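The structure displayed is predicted, hence computed values, not measured ones.
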Amino acid sequence: SDVCSSDLALLLKRLSERVKGNRQACCIERTSREVPIPLSSSQRRLWFFHEFNPDRYAVTARPLTRLLTGPLNLQVLQRSLDEIVRRHEILRTVYFDKDGEPFQKVLAPRQVTMVFEDLQHLPESEREPEAIRIVIAESRKPFELRKDIPIRVHSLKLAEQRHLLLICMHHIAFDGWSANVLTTELSALYSAFLEDRPSPLQELPIQYADFAVWQREWLQGERLDKQLNYWKNQLAGAPPRLELPTDFPRPAVQAYRGNHLPLQIDRRLLEAIKQVSQQASATLFMTLLAAFNVLLHRYSRQEDIVIGSPIANRNRAEIEELIGFFVNTLALRTNLVGNPTFLELLAQVKEATLDAYDHQDLPF
């Protein structure tokens with residue numbers, strides 16, 4: 001709703017051109033599981049980090065937690081989770097290297113290990129803090145990707161009609177989009193199995209391993225050169241870092257002690273931002289990104305700013321219903337030389353963003 005008609009027309013035109021140009025190359029087919037399966041570009045990035053420092057938990061997926069109210073049938077929950085792992089090969093995949101090259105191996109369907117803990121023996125005031133402690137501890141526990149499947153499940157009983165479901169997954173097999181896929185499928189399967197009905201979900205035509213093989217074959221030659229040349233030109237001479245004034249010096253070794261700050265925008269301000277977006281034929285994201293550039297410029301006094309923006313990278317219909325790690329990062333560069341007006345800056349951000357979307361297939 002925040003995209004005006006002209007901007008939508010531009011987006012549709014670019015998508016149409018991409019589909020037309022890649023129609024013959026976009027069909028992802030099933031591949032053999034009898035030969036070594038390469039990693040996708042996104043997986044290779046995480047495999048490197050894991051091998052470089054396997055004890056770090058920074059690349060473990062953010063824990064997926066769901067508060068369940070009402071009676072919980074643990075046997076049905078177990079069956080539902082097992083069916084999801086059967087459906088999605090990526091959740092029963094391990095990794096190995098051969099001659100320095102990483103590969104993935106799909107294991108046979110297996111039961112998910114689900115740990116059940118009843119916290120009702122604790123005073124009511126202590127149950128939630130204990131649940132939070134368990135969530136933090138589990139999310140920091142590393143995976144051994146060479147032998148462990150990348151999923152762990154905890155069911156915490158807070159009261160007779162109140163449970164906390166914790167699902168931890170390694171990022172090499174899971175991203176934010178996957179959370180919606182898993183939640184939707186778990187709900188559908190649990191409801192069906194609870195009523196002794198068969199699974200209502202259709203079999204998946206392809207798996208993540210098929211995408212990994214297809215991606216390696218697709219992103220090469222002229223297509224790879226075109227993407228690579230764009231980003232080389234786009235980032236030529238970019239500053240190595242943003243010099244923000246911080247309370248403490250940058251540590252010599254990255255400590256991964258990051259955090260996030262929720263920000264709520266009131267309705268009146270949001271409507272005003274939408275009006276500016278419509279005036280500039282820009283999306284709400286582009287307008288907020290332009291404002292963020294202004295804020296960073298104010299504190300750093302730098303005019304050349306590069307912001308890393310994650311993108312789902314699910315631009316093909318075949319992979320929309322897959323659990324897996326597809327995320328890429330786009331380096332969005334903005335130049336504030338000459339003190340442009342905000343609308344001038346927004347036009348620049350809009351063009352940089354649309355161009356980046358057109359070249360999103362090159363792994364960061």
Quiz item: Do NZ/NE/NH1/NH2 and the carboxylate oxygens of Arg216 and Glu101 come within less than 4.0 Å?
Solution: yes
Quiz item: Under 3.5 Å, side chain of Glu217 to main-chain N/O of Trp214, donor-acceptor pair present?
Solution: no
Quiz prompt | Selection residues 232-242 - residue pairs positive for salt bridge (Lys or Arg N to Asp or Glu O under 4.0 Å), sequence neighbours left out | solution = Arg241-Glu243
Quiz item: Backbone N or O of Asp361 within a donor-acceptor pair of the Asn313 side chain at under 3.5 Å?
Solution: no
Practice problem: Please list, chain by chain and in numerical order, all residues satisfying salt bridge (charged side-chain N to carboxylate O under 4.0 Å, His left out) with Arg92, sequence neighbours excluded. | Solution: none
Quiz item: Should we count CD of Glu195 as having more than 12 external heavy atoms under 6.0 Å?
Solution: yes
Exercise. Flag the pair Glu130 and Arg133 as a salt bridge only when some basic side-chain nitrogen lies within less than 4.0 angstrom of an acidic carboxylate oxygen.
Key: yes
Self-check item: Salt bridge present between Arg316 and Glu318 (N-O < 4.0 angstrom)
Solution: no
Quiz prompt | By side-chain hydrogen bond (donor to acceptor under 3.5 Å, both in side chains) - contacts of Arg146 (at least two apart) | solution = Glu51, Asp97
Quiz item: Leu81 and Met114: which non-hydrogen atoms are nearest, and at how many Å?
Solution: CD1-SD, 4.0 Å
Quiz prompt | Leu228 and Leu362: CA distance, side-chain angles, deciding distance, side-chain contact (heavy atoms from CB on, under 4.5 Å) verdict | solution = CA-CA 7 Å; Leu228 190 58; Leu362 188 76; 3.8 Å; yes
Exercise. Give the intermediate values and the outcome of salt bridge (charged side-chain N to carboxylate O under 4.0 Å, His left out) for residues Glu83 and Arg86.
Key: CA-CA 5 Å; Glu83 173 62 11; Arg86 185 201 67 79; 2.9 Å; yes
Quiz prompt | Partners meeting side-chain hydrogen bond (donor to acceptor under 3.5 Å, both in side chains) with Gln202 (sequence neighbours left out) | solution = none
Self-check item: Phe364 atom CZ, neighbour heavy-atom count above 12 within 6.0 Å
Solution: no
Practice problem: Flag the pair Tyr208 / Phe325 as yes when their ring centroid distance falls below 6.0 Å, and as no otherwise. | Solution: no
Quiz item: Got a salt bridge between Arg333 and Asp355, using NZ or NE/NH1/NH2 to carboxylate O under 4.0 Å?
Solution: no
Quiz item: Mind checking what makes side-chain hydrogen bond (donor to acceptor under 3.5 Å, both in side chains) contact with Arg45, not counting sequence neighbours?
Solution: none
Quiz item: Is any NZ, NE, NH1 or NH2 atom of the basic residue among Arg127 and Glu124 found under 4.0 Å from an Asp or Glu carboxylate oxygen of the other?
Solution: no
Quiz item: Sequence neighbours excluded, which residues qualify as side-chain hydrogen bond (donor to acceptor under 3.5 Å, both in side chains) partners of Asn229?
Solution: none
Quiz prompt | Exceeds 12 heavy-atom contacts within 6.0 angstrom, atom CG of Asp196 | solution = no
Quiz item: Quick one: do Arg314 and Asp175 make a salt bridge, cutoff under 4.0 Å?
Solution: yes
